[in-house]
Amino acid sequence: MSKRIDILNGPNLNLLGTREPEVYGSDTLKDIEAACGARAKERGLEIAFHQTNSEGELVDLIQKSSKTAAGVILNAGAYTHTSIALYDALIACKAEVIEVHLSNPQAREEFRHDSFVAKAALGSICGFGAKGYLFAIDAFADRLKKATK
Ligand code: DQA
């Protein structure tokens, strides 16, 4: 079985580091990628890390992950709250999905309270900043270890 976890990031996450640091923290997406790579290595996993501002490209990436990844960690940014196309791609996805958000959308504006991603995900990790990605890698590592026992 593939031991690769695909980490997919949606719109505006390329701006991390300078985008509302009081909400999203000061780590850049490159910092997060490096931390994820290190944690995955410790846990015997590989990662592929992507960011796109385009909804269609995110759908394409989920379709690709479905065929080749052991799991998907998805921070879909604002598409989380709007995209039925993403929901459809996720329910068709053969790989399990963990939703991650740096902030806690439930504690923010009402338009962030609903998540099309959560409806198709194994679970959601929100509000722990960049550490949320590492928690998701640990969750997949534990699940995959159990599955191969
Ligand atoms: C976010 C939360 C979303 O509501 C927002 O649109 C983002 C970032 C987060 O990681 O906290 O772009 O996904």
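In this chain, residues are counted from 1 in sequence order. Counting starts at 1 for both ligands and their atoms, in listed order.
Here's the thing with Arg108: none of its N/O atoms is less than 3.5 angstrom from an N/O atom of ligand 1. In terms of polar-atom proximity, Thr80 is not counted as a contact of ligand 1, lacking any N or O under 3.5 Å from an N or O of the ligand. Of the N or O atoms in Leu102, one or more lie within a sub-3.5 Å distance of an N or O in ligand 1. Residue-to-ligand polar distances place Ala78 within reach of ligand 1: an N/O pair is separated by less than 3.5 Å.
Near His81, with a cut-off below 4.0 Å to any heavy atom, the atoms of ligand 1 are 3 (C), 4 (O). Within ligand 1, counting atoms from 1 as listed, the ones closer than 4.0 Å to a heavy atom of His101 are 1 (C), 2 (C), 9 (C), 10 (O), 11 (O), 13 (O).
In this structure, Phe135 and Phe128 have perpendicular ring planes: the angle between them is above 60°, well past the 30° mark.
Ligand 1 is never approached by Glu109 to a heavy-atom distance shorter than 4.0 Å.
Under the 3.5 Å distance criterion, the side-chain polar atoms of Ser83 are left unmatched by any main-chain donor or acceptor of Thr80.
Between the CG atom in Asp114 and the NZ atom in Lys119 there is a gap of 3.5 Å [rounded to 0.5 Å]. The distance from the CZ atom of Arg143 to the CG atom of Leu122 is 4.5 Å, given to the nearest 0.5 Å.
Proximity of Arg19 to ligand 1, defined as any heavy-atom pair under 4.0 Å, is confined to the side chain (atoms from C-beta onward).
Looking only at protein heavy atoms, the nearest one to atom 6 (O) of ligand 1 is Arg112 NH1, 3.0 Å. Looking at atom 11 (O) of ligand 1, its nearest protein heavy atom turns out to be Ser103 OG, 2.6 Å.
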(request) Just do the side-chain hydrogen bond (donor to acceptor under 3.5 Å, both in side chains) check on Asp138 and Tyr133 with the steps written out, would you? (result) CA-CA 9 Å; Asp138 283 339; Tyr133 288 80; over 6 Å; no
(request) In sequence, state the C-alpha distance, the side-chain angles, and the governing distance for Asp6 and Lys64, and then conclude on salt bridge (Lys or Arg N to Asp or Glu O under 4.0 Å). (result) CA-CA 10 Å; Asp6 287 354; Lys64 272 189 203 142; over 6 Å; no
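Heavy-atom neighbours of Glu110 CD from other residues, nucleotides or ligands within 6.0 Å: at or below the threshold of 12.
In this structure, of Tyr24, Tyr133, Phe111, the residue bringing a heavy atom nearest to atom 7 (C) of ligand 1 is Tyr24.
Ion pair Glu46/Lys3 not flagged as a salt bridge, since none of the NZ, NE, NH1 or NH2 atoms sits closer than 4.0 Å to an Asp/Glu carboxylate oxygen.
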